[in-house]
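Quick note: residue numbers are just sequence positions, from 1. Whatever order the structure lists ligands and atoms in, that order sets their numbers, starting from 1.
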Amino acid sequence: MNTENSERLYKTAVSLMPGGVNSPVRACGSVGRTPLFIKRAQGDRVIDEDGNSLIDYVCSWGPGILGHAHPYVVEKVQEAAADGLTYGAPTKKEVILADLIRQCMPSMERLRLVNSGTEAVMSAIRAARGYTGRDKIIKCKGCYHGHSDGLLVKAGSAALTGGVPDSAGVPASYTAHTLIASYNDVSTIEKLFQKFGDEIACLVIEPVAANMGVVLPQEGFLHFLREITVKYGTVLIFDEVITGFRLGLGGAQAYYDVVPDLTTLGKIVGGGMPLAVYGGKKEIMECVAPLGSVYQAGTLSGNPIATTAGIATLSVLMERPEIYRELEDKTAILAEAYEKTGKVQVNRIGSLLGAFFTDRPVTDYESAVSSDTARYAAYYGHMLENGIYVAPSQFEAMFVSAAHTWEDIEKTAKVIGNLAD
Ligand SMILES: *Cc1c(COP(=O)(O)O)cnc(C)c1O
């Protein structure tokens with residue numbers, strides 16, 4: 001595989017940006033490689049600066065549910081661009097998108113459009129604190145909720161392989177109010193509530209954890225969270241930045257039939273543009289400015305190009321809900337191929353897949369990090385050399401899109417089957 005142009009660009013990039021990248025996992029450090037520079041993408045392929053065409057299972061870390069450069073989405077975005085890129089004023093498109101989202105997720109009685117998942121979760125937590133008048137929050141080990149200060153404690157994603165699970169530059173006082181629980185562990189959460197019950201503003205969780213690889217909630221776990229948060233008057237926040245529109249139109253909350261107080265969305269909802277959402281119960285969201293005293297704002301929030309991409313993407317998904325069935329069938333073929341190798345533990349839900357190089361069933365942070373990242377690195381190299389682009393980290397999900405052809409899925413299954421020790 002020729003990577004000359006990528007390597008040349010990488011050399012220049014490292015002289016300009018920390019590690020040559022604008023988000024750490026892209027540096028491919030945990031698989032001991034240098035990154036490929038992507039020139040363009042089409043359907044289920046990314047094409048790099050050396051002309052290598054690779055079957056893509058990163059899908060921009062989740063947004064790409066329709067595949068790259070979906071013709072309808074691109075057409076709408078091009079039309080919108082001609083009408084101006086940003087106005088900083090209300091638009092009809094914001095109303096349309098907000099309405100589509102609420103149709104899919106009725107628990108989002110009121111919602112706000114923001115620019116990134118980080119911003120959405122940070123703002124949801126602020127609203128929960130403003131509403132309850134409490135300071136403490138609970139998050140689970142291995143769940144990632146963006147890089148805001150108070151949440152960089154036992155975060156997943158790149159924070160797991162980057163060796164900085166607790167970031168430098170975050171004053172201890174910023175995280176003093178962040179209580180850490182274990183995902184799928186009822187007893188640690190009960191203990192935190194017994195000790196701090198009436199001080200806990202919110203419990204924020206990925207209903208399906210997808211930033212320590214994919215870890216599914218055990219039977220009854222999400223219902224337990226709903227019950228205990230009601231009991232203590234704590235706001236339950238589902239961070240559905242990955243699961244929203246991925247597990248179905250109604251996200252994890254519909255899939256598991258558990259209604260949170262607040263929800264955060266990102267990735268798919270922006271159709272590939274920088275857009276995220278937080279929202280939920282009317283009485284909580286009405287604490288947000290200008291109605292209430294919780295401040296939150298954004299120059300580019302509700303941007304007309306981003307809302308256009310979001311509307312176009314959601315419209316396709318809402319018109320063709322059978323996409324989800326097809327995504328699931330394709331992903332099941334890959335899951336079976338991984339299982340057949342006998343080398344990995346496979347967790348799958350819908351079109352979210354995690355294959356862990358460990359012998360233990362993966363149900364929480366500890367079992368996830370028992371994975372052998374050196375074996376993952378070897379697997380990564382095997383996939384890449386066979387034309388398949390997977391996440392350069394054991395702790396990221398594998399994403400399947402509607403653009404993955406059956407032929408490419410079969411090809412991928414074959415390459416997985418040839419995985420050497
Ligand atoms: C990606 C992600 C975020 C952060 O979103 P950004 O747009 O990268 O800031 C937050 N929560 C979850 C669950 C995510 O997967």
Distance-only donor-acceptor hits, side chain of residues 92-113, under 3.5 Å, sequence neighbours excluded:
unit_1: K93; atom_1: NZ; unit_2: T308; atom_2: OG1; d: 3.3
unit_1: E94; atom_1: OE1; unit_2: T91; atom_2: N; d: 2.6
unit_1: E94; atom_1: OE1; unit_2: T91; atom_2: OG1; d: 3.4
unit_1: D99; atom_1: OD2; unit_2: Q103; atom_2: NE2; d: 3.1
unit_1: R102; atom_1: NH1; unit_2: E109; atom_2: O; d: 3.0
unit_1: S107; atom_1: OG; unit_2: Q253; atom_2: OE1; d: 2.6
unit_1: E109; atom_1: OE1; unit_2: K282; atom_2: N; d: 2.7
unit_1: R112; atom_1: NH1; unit_2: A289; atom_2: O; d: 3.2
unit_1: R112; atom_1: NH1; unit_2: Q296; atom_2: OE1; d: 3.1
unit_1: R112; atom_1: NH2; unit_2: A289; atom_2: O; d: 2.9

Begin from the C-alpha positions of Y131 and E283 and carry the test side-chain hydrogen bond (donor to acceptor under 3.5 Å, both in side chains) through to its verdict.
-> CA-CA 8 Å; Y131 172 72; E283 64 191 59; 2.4 Å; yes
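With sequence neighbours excluded, the residues that form a salt bridge (Lys or Arg N to Asp or Glu O under 4.0 Å) with R33 are E385. In terms of the side chain to side chain contact (heavy atoms under 4.5 Å, CB included) criterion, residue partners of A252 (sequence neighbours excluded) are, by chain and number, P207, E240, T243, L247, Y256.
Separating the OG1 atom in T234 from the CG atom in L225 is a distance of 11.0 Å, to the nearest 0.5 Å.
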Give every pair made of an N or O atom of ligand 1 and a protein N or O atom lying under 3.5 Å apart, one pair per line with both atom names and the distance to 0.1 Å, or write 'none'.
unit_1: ligand 1; atom_1: 5 (O); unit_2: G117; atom_2: N; d: 3.4
unit_1: ligand 1; atom_1: 7 (O); unit_2: G117; atom_2: N; d: 2.8
unit_1: ligand 1; atom_1: 9 (O); unit_2: G117; atom_2: N; d: 3.3
unit_1: ligand 1; atom_1: 9 (O); unit_2: T118; atom_2: N; d: 2.8
unit_1: ligand 1; atom_1: 9 (O); unit_2: T118; atom_2: OG1; d: 2.6
unit_1: ligand 1; atom_1: 11 (N); unit_2: Y144; atom_2: O; d: 3.3
unit_1: ligand 1; atom_1: 11 (N); unit_2: D239; atom_2: OD1; d: 3.4
unit_1: ligand 1; atom_1: 11 (N); unit_2: D239; atom_2: OD2; d: 2.6
unit_1: ligand 1; atom_1: 15 (O); unit_2: N211; atom_2: ND2; d: 3.1
unit_1: ligand 1; atom_1: 15 (O); unit_2: K267; atom_2: NZ; d: 2.6

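Contact record, Y380 with V390: CE1-O, 3.0 Å, taken as the closest heavy-atom pair.
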